[in-house]
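We number each residue from 1, following the sequence as shown. This one's a predicted model, so the numbers in the text were calculated from it and none came from an experiment.
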Amino acid sequence: MQISYRTLAVALVALFGVCARGQMSEITRLPAALTPEEFPIFPWDHLQASKEAYEDARACGMNLVGFVDPKNLDLVASVGMKGFVADKSIEARNPALGDAEIEQRVKALVEKAGNSPAVFGYHIIDEPQKREVKTVAKWTNAFQAAAPKVIAYTNLLPIGAFGGTDIQEKFTDYVDSYVAATHPKAFSFDWYSMMDDGSIRGNYFECLEAVRRESIKNNVPFWNVCLGCAHFRYAEPSPATLRFQVFASMAYGARGIGWFTFTGRDRGNYRLSAIDLQGRHTPTWEMLRDANEIPRCLGASYLPLKSVNVFHSPDVPEGCQGISSSQFVKNIKGAGPFLVGEFTDPAGNPALLVVNRNLQHSTTWGVTLKNKATMRRVSALTGKVRAIGAEDDWLPPGGGILLLLSPVASTQP
């Protein structure tokens, strides 16, 4: 086939016209997926026991398959994933069981699981009451003795479970009692706060504040089990609600994310989980995949960081701190409102995670630092680190940006 010079010229003009208007698009490979040991990302579910279901969870950005019957561990291992072993022999709400019986059951389950590479941990209990902590501790300590290389996993009640006065003190005492009795490798909580009127529940940040304090005080990482489907008065999932929960958790220093729920439930007004009751993808699936790619892309830069402060601006939620507490920021501009996590890297260099708390509107942002520093941004879409450039001063609803700061190079001879 012959192409005339005129045709070729027209094509070249069109091509250069596109280039002149903006950069040509390119496909960028994501960074390697985080391991669950680095940053667990998991569905709060017993997934259907099939390779297809497990591989689909991985394709959605999960690195754990959730809760697993011991008989399905080989299947989980065959797709290169891990999960929390869940078994009816674990009765952490039963105070009548003696120490010897608990130890016997734990030993039997650990032997049943064997040396399967699919065992990430053992699921002890969800949301124990404070009166149950003593029994939970017996199970946790028994598993930690019998299987010290994996996690004995409990998800704690949120701050909203404690009514009356002095709620934060009650919640702090509850978390303290659990950590002191179990010395866990990690702990998690849930406090679903994306509401169907577009708001964020009032004491959502107060809960994160308390969890962060307990995590730092006890040197135990925390995970946040986030809202992944609509039910009760909770919002239907959107890109804004899903990414916001990830960014807000990470701004407070979280080291893991769970999603309640990933698969459908035939009860009440549950709807729009990523996988419906027929096993089909809903619109939530791709939105959740995108949210799960945030820690994957930020991981290499985020994981070495140490949380040193969190502040809000311009308005400050109850139980939280304002910009006057900031270690590194003098002023922040933009409509916001903003949540800012402050960190240091192993060399002592500062880092900021700036989050747009508005779930309906984008905002511009800008920070004035207390000390001169060069500022680079880490892309939550690709993981690439580069200087702040054109249009990087915009955040989408619920979006965030990780900024790495380093001292300005001296010009003195």
Side-chain angles (χ1 to χ4, degrees), residues 28 30-41 63 185-186 208-209 211-224 243 246-257 292-313 320-321 323-332 338-356 365-389 392-393 395 399-412:
T28 303
L30 291 174
L34 297 176
T35 68
E37 289 77 15
E38 292 173 317
F39 193 104
I41 305 172
N63 55 23
K185 293 183 179 180
L208 280 166
E209 291 278 343
V211 168
R212 175 182 173 273
R213 282 197 302 271
E214 291 302 297
S215 174
I216 292 172
K217 180 175 72 176
N218 295 285
N219 195 28
V220 178
F222 78 88
W223 309 337
N224 189 3
R243 66 176 162 244
V246 175
F247 277 120
S249 300
M250 294 178 71
Y252 273 92
R255 286 298 187 268
I257 296 289
N292 285 337
E293 287 176 355
I294 294 168
R296 176 176 180 171
C297 290
L298 299 184
S301 298
Y302 174 82
L303 291 176
L305 300 178
K306 175 185 177 182
S307 175
V308 296
N309 188 52
V310 180
F311 71 86
H312 294 255
S313 180
C320 301
Q321 300 183 106
I323 195 170
S324 62
S325 71
S326 176
Q327 296 189 23
F328 311 126
V329 179
K330 181 187 299 184
N331 183 48
I332 183 167
F338 297 105
L339 155 65
V340 182
E342 297 189 303
F343 303 85
T344 54
D345 70 13
N349 294 315
L352 305 172
L353 183 49
V354 181
V355 184
N356 177 16
W365 67 274
V367 293
T368 303
L369 302 174
K370 291 185 175 180
N371 298 306
K372 289 184 178 181
T374 59
M375 187 161 57
R376 296 173 298 156
R377 50 92 79 165
V378 185
S379 172
L381 300 177
T382 67
K384 293 183 177 180
V385 181
R386 62 167 171 78
I388 301 292
D392 285 339
D393 60 342
L395 291 175
I401 187 167
L402 178 60
L403 306 171
L404 306 180
L405 313 181
S406 55
V408 175
S410 174
T411 58
Q412 298 297 320

Criterion side-chain contact (heavy atoms from CB on, under 4.5 Å) against Leu402, the qualifying member of Leu305, Val355, Ile294: Leu305
Closest approach of Ala186 to Val220 (non-hydrogen atoms, all atoms of both residues): CA-CG1, 3.7 Å
What's the verdict on side chain to side chain contact (heavy atoms under 4.5 Å, CB included) for Asn224 and Val211, showing C-alpha distance, side-chain angles and the deciding distance? CA-CA 9 Å; Asn224 189 3; Val211 168; over 6 Å; no
Side chain Gln327, main chain Glu342, donor-acceptor under 3.5 Å: no
Residue pair Asp392 / Arg386, side-chain heavy-atom distance below 4.5 Å: yes
Under a 4.5 Å cut-off applied to non-hydrogen side-chain atoms, are Ser325 and Asn309 in contact? yes
Would you say that Leu381 contacts Thr28 through its side chain, given a criterion of any heavy-atom pair below 4.5 Å between the two side chains? no
Above 12 or not: heavy atoms from other molecules or residues under 6.0 Å from NZ of Lys330? no
Any donor-acceptor pair under 3.5 Å linking the side chain of Trp223 with the backbone of Phe39? no
With a cut-off of 6.0 Å (strictly less than), are more than 12 heavy atoms of other residues, nucleotides or ligands near NZ of Lys306? no
Which heavy atom of Ser301 sits nearest to which heavy atom of Val378, and what is that distance? OG-CG2, 3.7 Å
State, with a plain yes or no, whether a side-chain heavy atom of Val310 is found less than 4.5 Å away from one of Cys320. no
With a 4.5 Å limit on heavy-atom distance, are the side chains of Thr382 and Cys297 in contact? no
Is there side-chain contact between Val367 and Val340, with heavy atoms separated by less than 4.5 Å? no
Answer yes or no: is there a side-chain heavy-atom contact under 4.5 Å between Asn349 and Leu404? no
Quick one, Glu214 with Lys217, criterion salt bridge (charged side-chain N to carboxylate O under 4.0 Å, His left out). Give me CA distance, side-chain angles, the key distance, then yes/no. CA-CA 5 Å; Glu214 291 302 297; Lys217 180 175 72 176; 3.3 Å; yes
Nearest 0.5 Å, please: how far is CG in Leu298 from CG in Leu34? 9.5 Å
Quick one: closest heavy-atom pair of Ser313 and Ile332, and the distance? OG-CG2, 3.4 Å
Contact summary for Phe343 and Met250, nearest pair of heavy atoms: CZ-O, 3.3 Å
Are side-chain heavy atoms of Arg255 and Tyr302 found at a separation under 4.5 Å? yes
How are the rings of Tyr252 and His312 set relative to one another: parallel (under 30°), tilted (30 to 60°) or perpendicular (over 60°)? tilted
For Gly399, does its backbone N or O pair with a side-chain atom of Asn356 as donor and acceptor, under 3.5 Å? no
Of all heavy-atom pairs between Arg212 and Ser307, which one has the smallest distance, and what is that distance? NE-OG, 2.8 Å
Is a donor on one side and an acceptor on the other found under 3.5 Å between the side chain of Thr374 and the backbone of Ser406? yes
Rounded to the nearest 0.5 Å, how far apart are CD1 of Ile388 and CE of Met375? 5.0 Å
For the residue pair Gly299 and Pro304, what are the closest heavy atoms and their distance? O-CD, 4.1 Å
Is it the case that atom CG in Asn331 sees more than 12 heavy atoms from other parts of the structure closer than 6.0 Å? yes
